[in-house]
Novice: 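Just dropping this structure here.
Position 1 is the first residue of the sequence; numbering continues from there. For clarity, every value in this text was computed on a predicted model and none was experimentally measured.
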Amino acid sequence: MTEKSNYILEINNLSNYYNKAKLKVLKNVSFNIRHGEIFGLVGESGCGKSTLGRSIAGLVETDGTIAIDGEIVGKKRSMTLCKKVQMIFQDPLSSLNPCKKVGWILEEPLRIHKIGSKRERKNEVVQILEIVGLDSSYYERYPRELSGGQRQRVSIACALMLKPRLIIADEPVSALDVSIQSQILNLLKNLHDSLQLSFLFISHDLNVIYYLCDRVAVMYSGRIVELAKAEEIYRLPLHPYTRVLLSSVPEMSGATVFSRMDKEAELNEKVDKDILEKGCVFYSRCPGAKEKCKREVPELKCIEGNDSLKHHVSCHFV
């Protein structure tokens, strides 16, 4: 009998390529998510966050190792593993079938997995609708008849239908109004507490990540450059890119967090592809870059702490 893993998700050296360009989107990404943890993944657009989330969910093929609840994921996932990991997408209007009513959409995963009778499936759907803050009348509505916030609640309900252990939330509030964002974030936090769920929460919004997450991984150009508790990332950012990210947040709790970086740290558009592969991915933007950064990929190394409290940074000169 195998010993139960301490982690709901373990990924090791995950890599992904754009076939035509032959460029690595993900570059040897490794981290773990504990049972019941809300793990944040933050970075600017195009850094590979969504590709990573889709890879874990089984929607994109990758090199490397993925283990879910201690079980290594093969090329063809078992139905049990598929049930354990579900995804909430950024745009619910494009992820929900516009030709079907909400009830049909929510029942579909139950039908696929042959769970329950027709009546039992309908009862399950009504219960899940109530959990996400919608009543039974939504069963007969089409997605186009709902507001953005209501559609996202339906998307969350879809993710909950198979009683997953891990939910990957890919920018789930970025398309919503600010007032609705807070409602959805509070809903996710309540679901985490009441259903004992684990989350991989992907976002470019640092304030959202800080509010919701226990630990945070900062991604840049397909690599994890810093990983630590959310509190530490904000109080003591060690990687130059993390400091750039935080400097772009003018206020948090009414006070300035970091002043903007000097002009020497501004983006250099002429990025040498060879450096991206053989050296530090942040070389072209880093004000403190040296020759070693151009030639060697910095290892994601532990700077301090132990166990889940470790602070990891990928920088030669931290």
Side-chain angles (χ1 to χ4, degrees), residues 1-14 29-42 49-50 52-59 62 64-74 77-89 109 113 115 127-128 131-132 155-173 184-203 208-219 224 226-233 300 302 305-312:
M1 185 174 179
T2 57
E3 187 179 348
K4 184 177 173 63
S5 173
N6 291 326
Y7 302 100
I8 184 63
L9 176 71
E10 300 165 81
I11 62 173
N12 189 39
N13 292 327
L14 217 61
V29 176
S30 301
F31 62 81
N32 304 322
I33 298 179
R34 291 183 169 277
H35 291 281
E37 182 176 35
I38 303 180
F39 188 95
L41 184 64
V42 66
K49 304 187 303 296
S50 293
L52 178 58
R54 289 169 182 267
S55 299
I56 296 166
L59 302 177
T62 54
T65 305
I66 301 174
I68 298 169
D69 212 9
E71 183 180 345
I72 300 293
V73 175
R77 299 193 178 198
S78 66
M79 295 290 270
T80 303
L81 276 179
C82 289
K83 287 165 67 176
K84 284 185 177 181
V85 181
Q86 294 295 308
M87 195 159 183
I88 302 169
F89 296 94
H113 288 265
I115 298 172
Q127 287 178 20
I128 294 293
I131 286 173
V132 299
S155 292
I156 294 169
C158 280
L160 294 175
M161 289 308 302
L162 295 175
K163 297 179 172 57
R165 303 289 304 281
L166 172 67
I167 289 183
I168 300 166
D170 185 11
E171 301 270 13
V173 297
I184 298 299
L185 289 175
N186 287 330
L187 171 62
L188 292 176
K189 203 161 190 176
N190 291 336
L191 291 172
H192 164 261
D193 295 339
S194 60
L195 302 178
Q196 298 180 323
L197 295 169
S198 303
F199 277 88
L200 171 59
F201 191 90
I202 300 169
S203 180
V208 168
I209 288 285
Y210 182 74
Y211 169 74
L212 201 63
C213 300
D214 302 310
R215 284 191 302 150
V216 179
V218 180
M219 178 174 272
I224 301 295
E226 188 161 3
L227 195 164
K229 290 176 65 179
E231 196 75 28
E232 283 195 36
I233 289 285
L300 186 65
C302 177
N306 53 61
D307 199 32
S308 64
L309 303 180
K310 288 179 180 178
H311 194 144
H312 290 82

Novice: Under a 3.5 Å distance rule, please check whether H192 uses its side chain to pair with a backbone N or O of G36 as donor and acceptor.
Specialist: yes
Novice: Does any part of the side chain of H35, heavy atoms only, come nearer than 4.5 Å to the side chain of Q196, both counted from C-beta?
Specialist: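 Heavy-atom side-chain distance check fails, nothing below 4.5 Å.
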Novice: Are any non-hydrogen side-chain atoms of I209 and L41 less than 4.5 angstrom apart?
Specialist: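 A side-chain contact is absent here, since even the closest heavy-atom pair is not under 4.5 Å.
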Novice: Using every non-hydrogen atom in the two residues, find where K189 and Y211 come nearest and quote the distance to one decimal.
Specialist: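 Heavy atoms only, the tightest pair is NZ-O, 3.3 Å.
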Novice: Taking all non-hydrogen atoms of both residues, which atom of A217 and which atom of I224 are closest, and how far apart?
Specialist: CB-CD1, 3.8 Å
Novice: Compare all side-chain heavy atoms of P164 with those of K84 and state whether any distance is below 4.5 angstrom.
Specialist: no
Novice: For a 4.5 angstrom cut-off between non-hydrogen side-chain atoms, does F201 reach P172?
Specialist: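 A side-chain contact under 4.5 Å exists here.
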Novice: Residues two or more places apart in sequence or in another chain: which of them pass ring pair (Phe, Tyr, Trp, His ring centres under 6.0 Å) with F39?
Specialist: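 In terms of ring pair (Phe, Tyr, Trp, His ring centres under 6.0 Å), with neighbours along the sequence ignored, F39 is linked to F31.
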Novice: Can you find a pair of side-chain heavy atoms, one from E226 and one from H311, that are under 4.5 Å apart?
Specialist: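 The answer is yes; the side chains approach within 4.5 Å.
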Novice: Ignoring hydrogens and angles, tell me if any N or O in the side chain of N32 forms a donor-acceptor pair with the backbone of E10 under 3.5 Å.
Specialist: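 No; zero donor-acceptor contacts below 3.5 Å.
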Novice: Find out whether I167 and I156 are in side-chain contact, i.e. whether some heavy atom of one side chain is under 4.5 Å from a heavy atom of the other.
Specialist: no
Novice: Would you check if the side chain of S30 reaches a backbone N or O of N13 as a donor-acceptor pair within less than 3.5 Å?
Specialist: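 Indeed, once roles are kept as given, a pair shorter than 3.5 Å links the two residues.
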Novice: Could you tell me if the side chain of P109 sits less than 4.5 Å from the side chain of Q86, heavy atoms only?
Specialist: no
Novice: Identify the two heavy atoms, one from L166 and one from L200, that lie closest to each other, and give their separation to 0.1 Å.
Specialist: CD1-N, 3.9 Å
Novice: Quick one, E71 and T80 - any side-chain contact, counting heavy atoms below 4.5 Å?
Specialist: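 Of all side-chain heavy-atom pairs linking T80 with E71, none is under 4.5 Å.
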Novice: If you compare all heavy atoms of L212 against all heavy atoms of I38, which two are closest, and at what distance to 0.1 Å?
Specialist: O-CD1, 3.4 Å
Novice: At what distance, to the nearest 0.5 angstrom, does OG of S55 lie from CD1 of I11?
Specialist: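 Reported value, rounded in 0.5 Å steps: 8.5 Å.
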